[in-house]
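Computed from a predicted model, the values in this text were never measured in an experiment. In what follows, chains carry the letters A, B, and so on, assigned in the order in which the sequence lines appear, proteins first and then strands, with residues in each chain numbered from 1. Computed from heavy atoms alone, side chains included, the values below leave out hydrogens, waters and symmetry copies.
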Amino acid sequence: MSCGFTLALVGNPNCGKTSLFNVLTGSRQHVGNWPGVTVEKKEGIARYQGQNIKVIDLPGNYSFSASSEDEIIAVDYILKSKPDVVVNVVDAGNIERNLYLTLQLLEMNTKVVISLNMIDEAEKKKIFIDRNKLSSLLNVPVVATVATKNIGTEEMLKAVFDLEGQSSFFKLDYGQVVNEILGEVVQALMEIGISRDSSHILAVKLLEDDQHTRELVNFDKHVSLQTLVQRGKDKIKNEFGFEPEIYLADKRYEFINEIIKQSVQKNGCQTDDLTEKIDRIVTNKWLGIPFFFAVMFFLYQITMGFGNDLLGSYVENAFAILGEYVSGLMVNSPELLRSFVIDAVIGGVGSVLVFVPLMVTMYFLISFLEDSGYMARAAYVMDRFMSAVGLHGKTAVAMIVGSGCNVAGIMSTRTLDAKKDRMIGILISPFISCSARLPVYALFAGAFFGNRKVGFFPASGVVIFSLYLLGIFVAVAVGKILSKTIFKQEKSYFIMELPPYRLPTLKSLLIHMWEKTESFVKKAGTIIFGIVVLIWVLSILPIGVTPGSSGSILGRLGSVIAPIFGPAGFGTWESSVALIVGIGAKEAIIATFGMVYGTGKVMLTNVLSQYFTSLSAYAFMVMTLLYSPCAAVIGIIKKETNSLKWALFSVAYSLLIGWSAAVLVYQAGILFGYQ
Amino acid sequence: MKYVSMDKIPINSKGKIINLNLNNTMRRKLTDMGLVRGTEFKVDGQAPLGDPMKIILRGYNLAIRKSDAKNILVEEI
């Protein structure tokens with residue numbers, strides 16, 4: 001057995017599949033409690049007795065009915081890529097519903113090992129499972145695991161290896177009539193070149209009217225197959241009085257009930273006491289919504305207060321010291337080289353890295369909310385409110401996730417099943433203030449509102465929170481318009497599991513936090529550094545010009561655009577350049593200011609007050625919030641909507657909205673006498 | 001026997017599913033989540049603004065909009 005051995009993980013959302021993946025591979029990967037958080041195919045390498053095993057973490061699914069993209073990914077992977085063994089992670093405390101997926105998996109005629117996960121939680125709920133009985137009923141190995149504590153994983157890998165070469169074919173008894181029909185369809189499928197292994201599940205799915213399966217077997221091109229399937233469906237309908245899919249699902253649950261009866265012993269109420277208690281507060285009629293907003297508010301206060309003001313200042317001081325130190329070392333170096341190292345490298349990248357503590361803090365908190373199970377409640381609590389404006393409760397969650405990074409927010413809209421909800425979710429996500437914009441706010445709010453207080457809270461925090469609210473307001477308003485116009489015809493629905501609350505392990509939070517921060521640091525090291533160097537070059541050309549002056553290429557470029565921003569109060573070429581650069585990456589706005597004003601962050605605060613008033617600073621922040629998705633987000637919109645048209649639409653209308661809002665803020669401010 | 005739609009079942013009462021009068025996509029979604037004919041459930045509460053409702057079935061919690069629950073025919077037990 002070589003590294004060619006592949007193991008795929010399959011299971012319901014919230015079954016602890018991602019925890020198991022982390023334990024097996026030791027890789028850094030996100031563990032979420034929000035249903036469907038594992039939207040991408042994740043790979044890792046596990047070691048067992050000196051051998052390497054490739055582990056694939058498939059998206060969490062409730063079924064293989066292929067009605068959502070996540071389900072299609074999983075079905076296609078199992079049927080087409082054929083992993084050597086599939087480990088089906090089953091939440092032992094929720095075994096009844098989890099087994100529905102198991103049965104479909106077994107029908108795919110692939111080798112399966114069941115990992116009965118979170119067995120400790122189940123036993124606490126007084127659910128006891130006879131593993132040997134379950135194993136003999138399903139004809140597959142069953143191993144008890146507690147992935148978060150790394151219990152049972154060795155045994156599970158052993159079961160996986162012992163299974164090699166053994167077949168675990170399983171056929172659910174659907175009753176004589178249906179069995180016969182299935183047999184005929186299987187025969188017909190094999191005649192058109194479908195392998196014996198896959199034909200059984202495909203036959204079942206054709207009777208269920210599964211659209212994706214029809215595409216898989218080129219259903220439209222095979223008339224005799226169509227006739228056969230149609231005849232089968234009619235026969236089932238006549239015989240039993242319902243649609244075949246209802247009949248088949250009934251049969252599966254009948255079988256599950258039988259398994260449960262024989263192998264599971266339940267005492268007591270089986271619901272989680274702690275979850276009930278927390279829900280009584282968190283989803284309370286009066287407290288639910290205030291609680292949601294309080295969570296959001298403290299998310300920002302902690303991020304800004306602890307992450308930025310406290311931790312951030314250490315990094316800031318470190319860079320200031322580094323700058324001075326290097327400056328001292330380079331006293332005798334040529335002016336151009338010194339400018340490059342101090343202004344471009346240390347000043348530019350440093351002014352971005354200063355915000356790492358802020359991001360670390362925010363990602364830590366968001367991961368906590370996701371892993372704990374609160375995110376699902378947020379969707380539940382906010383759905384009525386969101387649906388009033390034509391949005392879905394899960395969009396509220398996409399907004400929260402998007403406040404870390406809009407790319408992540410857009411990715412999380414994959415858990416929305418209805419096309420309407422999904423498209424709107426994607427298109428409004430860029431208005432949500434992401435952590436990359438926070439550095440810009442932090443800089444401006446610190447410079448212009450830093451020493452004031454609003455009640456108990458620092459004014460800078462309140463200013464930033466107001467931008468966050470503005471982002472939500474614009475997102476909601478645009479969502480409302482989209483749902484009443486472009487997507488008027490489409491339907492929306494809300495059916496969602498509320499998983500039990502779980503205390504996230506510190507390890508999984510740290511893994512998630514590091515994963516996100518790492519990608520930011522890498523971005524700072526590559527894209528932002530590249531932009532900084534490009535800007536620096538543009539700022540010193542043509543040769544002989546005063547570096548970073550309005551006579552440089554950069555300055556001229558900015559000067560051409562600057563008049564557009566006059567009505568918004570920041571019609572300087574420096575601001576224009578920063579905004580252009582910001583489309584590449586919003587964090588680069590600060591680096592650009594650092595470059596063109598030739599200072600690090602500490603000095604930048606002082607310099608800015610020469611170019612901005614409190615009012616124009618606020619207008620600039622509004623512009624930064626709304627004006628265009630960054631390059632990464634434009635890319636993901638194109639990818640997720642599968643259309644360049646939507647991506648360009650998103651850029652165009654947000655530019656218009658951003659500019660209008662900034663002008664409105666500035667002009668209204670002037671009118672009311674603010675400066 | 002009197003049948004009503006699911007959204008009419010009061011909080012803390014139990015019911016049994018009789019039929020799902022929904023389109024193909026929705027019906028499959030519900031089936032995947034364990035709602036089939038004969039499934040028993042308990043209405044456990046509702047969101048702060050009165051919608052969606054929360055039911056307990058097969059040992060787990062499920063949130064569903066009342067407009068969707070309206071199309072599920074049930075029997076109060």
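Contact count versus chain B (heavy atoms, under 4.5 Å) is highest, among A/K285, A/M382, A/E245, for A/E245.
The parts of A/Y380 that come within reach of chain B are both its backbone and its side chain, each placing non-hydrogen atoms under 4.5 angstrom from that chain. In this structure, no portion of A/D91 lies under 4.5 Å from any heavy atom of chain B. Looking at B/K54, the atoms closer than 4.5 Å to chain A (heavy atoms on both sides) sit in the backbone and in the side chain alike. Of the two parts of A/F385, the backbone and the side chain both hold a non-hydrogen atom closer than 4.5 Å to a non-hydrogen atom of chain B. For A/E243, the part lying under 4.5 angstrom from a heavy atom of chain B is the side chain only. Using a 4.5 Å cut-off between heavy atoms, A/I246 touches chain B through its side chain atoms alone. Interface remark: A/N94 contributes side-chain atoms only to the contact with chain B (heavy atom separation under 4.5 Å). Both the backbone and the side chain of B/D51 come within contact range of chain A, with heavy atoms under 4.5 Å apart.
Taking a cutoff of 4.0 Å between a charged side-chain nitrogen and a carboxylate oxygen, A/E121 and A/K124 do not qualify as a salt bridge.
Among residues two or more places apart in sequence or in another chain, the side chain to side chain donor-acceptor pair (under 3.5 Å) test is passed with A/S483 by none. Residues satisfying the side chain to side chain contact (heavy atoms under 4.5 Å, CB included) test with A/D209, not counting sequence neighbours, are A/R214, A/K233, B/N24, B/R28.
Side chains of A/Y100 and A/R252: a donor-acceptor N/O pair is present below 3.5 angstrom, by distance only. In summary, the side chains of A/D279 and A/Y501 do present a donor paired with an acceptor at a separation below 3.5 Å, with no hydrogens or angles considered. Side-chain N/O atoms of A/Y62 and A/R97 include no donor and acceptor closer than 3.5 Å.
Although no hydrogens or angles enter the test, the distance criterion places a donor-acceptor pair under 3.5 Å between the side chain of A/K17 and the main chain of A/L58.
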